[in-house]
Each structure stands twice: as C-alpha cells, then as structure tokens.
Amino acid sequence: MAEEEGPTVELRQRKKLKSSENKESVKEEKISDTPIPERAPKHVLFQRFAKIFIGCLAAVTSGMMYALYLSAYHERKFWFSNRQELEREITFQGDSAIYYSFYKDMLKAPSFERGVYELTHNNKTVSLKTINAVQQMSLYPELIASVLYQATGSNEIIEPVYFYIGIVFGLQGIYVTALFVTSWLMSGTWLAGMLTVAWFIINRVDTTRIEYSIPLRENWALPYFACQIAALTGYLKSNLNTYGERFCYLLMSASTYTFMMMWEYSHYLLFLQAISLFLLDSFSLEQSDKVHEVYKIYIFSLFLGYLLQFENSALLVSPLLSLVVALILAKCLQLNVKKGTCIAKIMKVINFYLVCTLTVTLNIIMKMFVPHKENGHMLKFLEVKFGLNMTKNFTMNWLLCQESLQAPSQDFFLRLTQSSLLPFYILVLIICFLSMMQVIFRRIKISRSILLLSTCKISGKSLKETITLEDGRIGGRPEIIYHVIHTILLGSLAMVIEGLKYLWTPYVCMLAAFGVCSPELWVTLFKWLRLRTVHPVLLALILSMAVPTIIGLSLWKEFFPRLMTELMELQEFYDPDTVELMTWIKRQAPVAAVFAGSPQLMGVIKLCTGWMVTSLPLYNDDDLLKRNENVVCEEGDKLTYSKYGRFCHEVKINYSPYVNYFTRVYWNRSYFVYKINTVISFQS
C-alpha cells in the first residue's frame, strides 16, 4: 500500500504548484531532453557573414551599374541631352508615346485629383469616344511617377522626361538584382548571380525591350515579377527559418499585387506560375500548405486589384482566378487517406482531374454571368495562331503580321548560342528534369514500402531533410523543380510567339547560371556517370568554381569591348520629317482638327501635339482595333476584292473621285496630310 500511495501523493503535489513553477519545470525538462546544438566557431560565423555581405554588395552593385549603363547608352544613342523637347518626345514610338503623353497630362493638371478625373473620363484623346484611360491602359505607373515628381520637389531640379526614364532605368536595376538573388538562392553562391547579370546584359536584345520602348508596361511590371520569383524561391526552400519565411511571404505578397496593378496581362503570367505550383504540389515535392499559402496571395491580389482597377471584369474571368478557386475547393474536398496506399494514388489522380474540370467549368460560368469585353481578341488570335480556327478577319490577320507575335527567327537562337547561354541552359535543364523524374519514381517506390514498413514514416518533408550534397539528387529540391516546370512552360510559348522571349530569356540566364555554379548539379551528373577515379563531391566543388570562371573570362574577353564601344560611340536619332510634321500641326492645324492614320503615328501625334486622333496603338480594345480596318468587308469576316486601288496611292496622284473629297494641305518626303472637304462629304 505504501508503494502505491507514494506516487499518488507526488502527483497531487505537482498539481498544486504555481503556474510559473510549472512553466519553469517544463522548460527544464525540455532543456534536459533536447540536445544543445553546438555553436559554430567564430571563424565560421565570420565566413558566413562575409559571404552574405559580399553577395549582397555584388547584387546591389550589379543593379546600380546596369541602371547607369542604360542611362549612358540611352544618352549616347539618342544624344538626348542636346535635343529639344519635341525631338526627345519623338524618340517615344507607338504605344510608348501614348503612355508618356498621359504622364505629361498629369503634370499639367492643376491637382492630382483633377488629373485622375480627367484620365478616367478622357474624351480628348480618341474622337467620339470617352475612355477610362487609367483602367484601359494601366496608367498606374504614370500616376505614381507624377506624384513622386511633384511631391519630392524634383520639378525644381530635373526635367520631367529625365525623371520618368530615370525611374524606369532604376526598376531595371532592381530587375537585374532580383535575378541575381534568385540564382544565388538556388545555387548557394553569389558567383551564379554575377554570371546571370553578365548573360542578361550581353543578350539584352533578347532579354528586354528597354532600349526601344522605355514606357512599355512590361518594363514597369517585370521587375516586380522578378522580385516575386526571388521571394517565392526563398519561400519554397526547405531549410528556411521562420523569420526568413515570413519575410519572403510578405515580399511575395507585395510584389504579386504590385505586378498585377502594373500590367494588364500580368494575370496570364501568374496563371502559368500557378500551374507550375499545382504540378509541384501534385508531385508531392513540397508541403501542400506552403503552396496553398501562395494561392491565397493570388486570391487577395485579384480581389484587391478588382476593386482598385475600377471593378476590372478581366480579373474575374481570368483563368488564374478559376484555377485558384478550383485548387482551394479540391483541397477542401480532399480526404485524409494514408499515403502510399492504392486508394491514395487513385485519389491523387481524381484530384488532378477534379482541378482541371473545375477550372474549365468555373471559367465558363464566370464568362456567362460576368459581362466582359477585355482581351476577347486574344483568345481568337490564339485560336488562329495554333491552327484551331481560320478567319479572314482583318484584325486577326493584322495581328498575325506583327513581328512580335510571330515565331522567333533563327538569329535569336544563334545569338544565344554565340554567348554560350543556350548550350549550358539545355544541359542544366536536362539534368534537372531527369533528376526530377528520378526523384518522382523513387518516391513511388518508397510509398510502396510504407505498406510493409509501418514504422518507416516518409513524408515530403523528411525526404528533403535526408538529401545531402553527396546524394546527388538536385531534383528533390522543390524550388528547383518549380523553376524547371515554369521555364518549360514559358519556353514552349516563346517558341511560338517571339514577343514572349522577353519573359523566357531572363529565365534562361538565371537557370543556366545556377546550374553551372551549383555543386549539387555536378554531383548529380557524376553519380549518373558513376565516376570513381576522383571523389564526385570534390570534383563538383572544383567545377562549380572553375566552369563559371572560365565562362566569365571568355565573355569578358569577347563582349566587354563591344559594350564599351557602344558607350563610346555617339549616335544620333535623326527624323526631320516627323519633326516638321509635328511642328506644322502645332502651328497651323485647326484646334478642332482630328487626325487619322496609322496607329503608331497617332500615338506620336497625341504626345507631341495633344491633338485628337481616331485610333491608338493598343491591342486590348476591340473598338480601337476595328477603327484600324481600312479594307472593304462583307458579311462579317469575309473579305472581298475591291475594284478600286489603294486609297493612299490614288489620293496622292489626284485620281478621281478622291480629289473631289480631299484636299492636300501639307506634305514632305515621308508624310502627306489631307483635309476632308466640307462642301462635298465623302460617300463610299
């Protein structure tokens, strides 16, 4: 009896202890049970700090140097500082001119509120049409730039055009820095970031359009998307601590929303990213909770973007929203089934089919109940582009003739090969893809063993923790597999539409640089080759330093002199005919005049003169696209042959009957301006 009462009394006494004493005792028990990790020596901590400090310094320096390079090159190319305002504005061509013109309008407005109102109820740009220019053209960059220009007092220091292009060049510096950090996170060495920047600048003809069209929406938006990818890369890493994970999550949330606000086509790019994360989750290469947290960011960004973009219906009918909602619903309907069983495999297939079906169904339902007109021509264009439909519609055929919407030329691949970028990218992509497939099949085999070994608990997290450098399984890292899937999707589209190469080629630079600088990738290759003469890890560490060094030296020797020559060579943008035309319009054209012509010329006229035009070089407005049609149509999309010659040709040589309706009022070597006669109206 005494032996039985002893422990009972002891338990009662423990219950009477104070809460503070309880906490202290629990802490003491945890401390005694948990092994105390050994602190790293001071020299190791110093090496880590030095590595991070040098890497961050190199990343920031690379971004700043690239921004300064763009500014210097722009000055030498256009001789910008020695030109008058009109000549500077002419350098903005096509849709770039339209964006900058609204920036000028904001600076001329008496107040910011009045300027925003005039842009949202704009009836001074396109004749007989009132448009919400902020929503339709995503003018949030111009709004922000105008506010910063006036709020910072820059109007007393710098001219508006220099402030505007300076912001864009600064964002390009952030773009390069984000690519640097992403490659650094993937490889573990900032040497990969340096190589990424080098390849990006050398292949800048195929990585960015900043040299030709500064105000383009992609030049404002892609830097934020690069920051989002860098944050997502860090967020998906398995060895990230809690504070780092929170920082990456917050940065990813902010950059995702900002990216969506800057570009009207951003949700399509995020849709491809969501597909990559969905496949990553399906392969069980990352915890589902992390991936679904990213889905919540998409939902929040879409909802907030819908409200702040004047209830933009394009976001509601976007495939991104349908996919994310389908993924969340499928997650809620998912049953808790023991991993590795036959039922679990069947449920995974059913879940994949359910997500695909729900995505298509939800998108169809949303398009049925939500009135929308935005981007409808894009779907028709893709149908014609991929041979799913045939049409004689002028707009569709006109889009197919655009150089940026055609397949990339052989020169594109030749340039990437000459800079050694494409061969290394293909090598890295093949190794990572094969390693990914190897890991997937290995996980399938392991899941079978769970049926026999109930004590062997293997999950996605535990598998990642067991992977080391010696294992040579780079395909087991979720952030790497995400990038492999994403670059394959972007590359597939870039092989069809040349304009999308500006999304894919920076990815190529980043992935190729990561691969050649990653010891883990070389170990993976040596494990397949069964190298035994030299230790694979030792050889991988040597090659991960030697190969990028050799590549960097060869790039320096071949391309650095060319870059310096471009900066030293003084070029000049000479277009006197356009200057004469704009000068004549500002001096002699009637105030109520409306100009019609090619969309590219209309953008320049709107910027340089402020006169009203009939069309704009925009692809997201069906009404403006229809205004560009100048052929005789019959029964919708069926074109007929006209018995008359080309109007532009016959009116120049005064052929009847056009001479009765038009009078030439100005001409030079490049442009002819005709006025419609008021006595006799034109009859088709």
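Residue numbers start at 1 and run along the sequence shown.
Heavy-atom neighbours of Met64 CE from other residues, nucleotides or ligands within 6.0 Å: at or below the threshold of 12. The number of heavy atoms from other shown groups lying within 6.0 Å of CE (Met437) is above 12. In this structure, Phe352 places its CZ atom where only 12 or fewer heavy-atom neighbours from other residues, nucleotides or ligands lie under 6.0 Å away.
Under the 4.5 Å side-chain criterion, counting only non-hydrogen atoms from C-beta, Asn363 is in contact with Lys367. Considering only heavy atoms from C-beta on, Trp504 comes within 4.5 Å of Val508 through its side chain. Put simply, the side chain of Gln273 does not reach to within 4.5 Å of the side chain of Leu320, judged on heavy atoms. Leu323 is not listed as a side-chain neighbour of Leu358, based on a closest heavy-atom distance of 4.5 Å or more. The side-chain heavy atoms of Leu503 and Leu222, taken from C-beta on, include a pair separated by under 4.5 Å. At a threshold of 4.5 Å between non-hydrogen side-chain atoms, the residues Ile426 and Leu422 count as touching. Looking at Ile328 and Val324, their side chains come closer than 4.5 Å, going by heavy atoms from C-beta outward.
Ring-centre distance between Phe278 and Tyr295: not below the 6.0 Å cut-off.
Ile474 approaches Ser518 most closely through the heavy-atom pair CD1-OG, 4.0 Å. When all heavy atoms of Val523 and Pro536 are compared, the closest pair comes out as CG2-O, 4.1 Å. Closest non-hydrogen pair, Trp184 versus Ile52, comes out as CH2-O, 3.6 Å. Taking all atoms of both residues into account, the shortest heavy-atom contact from Met262 to Ser138 is O-CB, 4.0 Å. Closest approach of Phe180 to Ala58, counting heavy atoms only: CZ-CB, 3.8 Å. What you find for Leu232 and Val294 is that their closest heavy atoms are CD1-CG2, 4.0 Å.
The main-chain N or O of Gly244 is found under 3.5 Å from a side-chain atom of Asn241 such that the two form a donor-acceptor pair. Judged by distance alone, the side chain of Ser255 and the main-chain N or O of Met252 form a donor-acceptor pair under 3.5 Å. A donor-acceptor distance shorter than 3.5 angstrom exists from the side chain of Gln172 to the backbone of Asn219, with no hydrogens or angles considered. Without hydrogens or angle criteria, Thr505 side chain to Asp206 main chain gives a donor-acceptor distance under 3.5 Å. Looking only at distances, no side-chain donor or acceptor of Ser183 sits under 3.5 Å from a matching main-chain atom of Leu179. Between the Ser435 side chain and the Gly475 main chain, a donor and an acceptor come within less than 3.5 Å of each other.
The closest side-chain donor-acceptor pair between Gln309 and Tyr140, if any, does not fall under 3.5 angstrom. A donor-acceptor contact closer than 3.5 angstrom is absent between the side chains of Ser266 and Tyr224. No donor-acceptor contact under 3.5 angstrom links the side chains of Glu479 and Thr233, judged on distance only. For the residue pair His483 and Tyr507, a side-chain donor N or O sits within less than 3.5 Å of a side-chain acceptor on the partner.
Salt bridge absent: Lys290 and Glu293 never bring a charged side-chain N and a carboxylate O closer than 4.0 Å.
Between Leu429 atom CG and Met436 atom CE the span is 9.0 Å, to the nearest 0.5 Å. One finds the CD1 atom of Ile485 at 12.5 Å from the CG atom of Leu272 (value rounded to the nearest 0.5 Å). Distance check: Ile480 CD1 to Met186 CE gives 4.0 Å after rounding to the nearest 0.5 Å.
Between Tyr249 and Tyr235, the ring planes are tilted. Angles from 30° to 60° get that label. Taking the six-membered ring where the residue is Trp, Phe424 and Trp199 present tilted rings, their angle falling between 30° and 60°. Between Tyr265 and Trp263, the ring planes lie perpendicular to each other; the angle is over 60°, past the 30° to 60° tilted range.
Under the side-chain hydrogen bond (donor to acceptor under 3.5 Å, both in side chains) criterion, Ser62 pairs with no residue at all, not counting sequence neighbours.
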